[in-house]
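To start, the structure itself, in structure tokens.
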Amino acid sequence: MKRRKVANLLGLAVLATVFERPMHPYEVATLLRERGKEGDLKIKWGSLYTVVGNLEKHGFLEAVENVREGARPERTVYRITEAGQAEMEDWIAELLAVPEEEPSRFHTGLSVMLALTPEVVDRELEHRVGELERLIGERVEALAKMRAELPRLVLLEAEYQLAMWRAEAEWVRGLREELATGAIPGVEEWRRYRETGELPDMAAFVANEGE
């Protein structure tokens, strides 16, 4: 796979924004905020000018002019270069086509949850569902406001995140129900293991699977 000189999602967001027209970093930040991108990219605004400098250093952006508006400080306007456009297009294509293989923190938590008791796991999963429902509610409200001002084409990533949160909440609810009803074999053996410290026969965890 191609090794990138600037492997930074904020850098990609800058390239994609400046691709529209030449602009200064403050204008880039304003547009990203207006389009609700900071929640999707986890943007650290303090690093924006550093990222722009790196993009210029590697030939992906170039300065075209300095402008001054009223009493505001002079600002440098940048445009995307041919190399920057090629890099941007290649990176976007990869992000769209290649599934992310890096496990999430939740994935890792699930992989080691047997170190807790079933009761604690259920409590924490209940909390997670509550947090997901909060995020879903906030995103639904935010999307309703943004749709009044922005076309759907620039809000698709927000829709995708909403769909992922809803799917995860449904899956976690189902997992809690299976653990509570014993639909997943081995819950009682898991509970005894946490009470006694004695490792159970792993056959107990696969008994009746699929029945």
Side-chain angles (χ1 to χ4, degrees), residues 1 3-4 7-13 32-33 35-47 51 91-92 94-147 152 155-211:
M1 184 176 292
R3 182 181 297 276
R4 293 190 172 81
N8 184 300
L9 289 178
L10 177 54
L12 177 60
L32 290 175
R33 284 194 176 100
R35 295 171 181 177
K37 304 302 183 185
E38 54 188 327
D40 300 303
L41 295 169
K42 296 181 180 179
I43 296 173
K44 296 181 179 179
W45 298 110
S47 65
V51 169
W91 199 349
I92 293 173
E94 179 185 318
L95 289 174
L96 291 174
V98 182
E100 180 64 61
E101 298 182 5
E102 183 177 352
S104 68
R105 290 166 58 88
F106 183 47
H107 183 124
T108 301
L110 289 171
S111 73
V112 294
M113 74 178 193
L114 296 185
L116 302 177
T117 65
E119 291 73 23
V120 171
V121 167
D122 181 69
R123 183 190 69 203
E124 299 307 325
L125 291 178
E126 181 181 23
H127 178 76
R128 186 177 190 89
V129 170
E131 286 297 296
L132 286 168
E133 290 174 342
R134 179 184 62 79
L135 291 170
I136 289 167
E138 291 177 353
R139 182 57 58 94
V140 168
E141 183 178 351
L143 271 173
K145 293 178 180 179
M146 288 189 288
R147 282 171 177 155
R152 186 182 175 200
L155 299 174
L156 292 178
E157 72 276 20
E159 288 186 15
Y160 170 78
Q161 183 63 75
L162 179 59
M164 293 301 99
W165 284 336
R166 283 172 168 162
E168 182 181 324
E170 181 179 358
W171 187 86
V172 174
R173 290 190 195 100
L175 175 60
R176 290 188 67 216
E177 182 177 356
E178 288 186 280
L179 292 174
T181 61
I184 297 180
V187 173
E188 286 306 314
E189 288 77 11
W190 171 18
R191 181 174 287 109
R192 284 197 295 271
Y193 158 60
R194 291 298 295 120
E195 291 173 352
T196 67
E198 295 180 6
L199 289 173
D201 181 355
M202 292 305 293
F205 289 88
V206 296
N208 302 318
E209 285 282 3
E211 295 185 5

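Numbering starts at 1 and runs along the sequence shown.
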Working to the nearest 0.5 Å, report the span between [atom1] of [X] and [atom2] of [Y].
| X | Y | atom1 | atom2 | result |
| --- | --- | --- | --- | --- |
| Leu155 | Leu162 | CG | CG | 11.5 Å |
| Glu94 | Leu12 | CD | CG | 10.5 Å |
| Ile184 | Leu179 | CD1 | CG | 4.5 Å |

Taking every non-hydrogen atom, the tightest pair across [X] and [Y]:
| X | Y | value |
| --- | --- | --- |
| Leu175 | Leu125 | CD2-CD1, 3.8 Å |
| Ile136 | Trp165 | CG1-CB, 3.7 Å |
| Leu116 | Trp190 | O-NE1, 2.8 Å |
| Val51 | Gly11 | CG1-CA, 3.5 Å |
| Ala158 | Leu143 | CB-CD2, 3.8 Å |
| Ala169 | Val129 | O-CG2, 4.3 Å |

Between [Y] and [X], is the closest basic N to carboxylate O distance under 4.0 Å?
| X | Y | answer |
| --- | --- | --- |
| Lys145 | Glu141 | yes |
| Glu126 | Arg123 | no |
| Glu170 | Arg166 | no |

Does any non-hydrogen side-chain atom of [Y] lie less than 4.5 Å from one of [X]?
| X | Y | result |
| --- | --- | --- |
| Glu159 | Arg147 | yes |
| Glu168 | Met164 | no |
| Leu110 | Met113 | yes |
| Leu135 | Arg139 | no |

CZ (Phe106) with more than 12 external heavy atoms under 6.0 Å: yes
Whether over 12 other heavy atoms sit under 6.0 Å from Glu178 CD: yes
Worked verdict on Glu189 versus Arg192 for salt bridge (Lys or Arg N to Asp or Glu O under 4.0 Å): CA-CA 5 Å; Glu189 288 77 11; Arg192 284 197 295 271; 3.6 Å; yes
Under the side chain to side chain donor-acceptor pair (under 3.5 Å) test, residues paired with Arg191 that sit two or more places apart: Glu119, Glu188
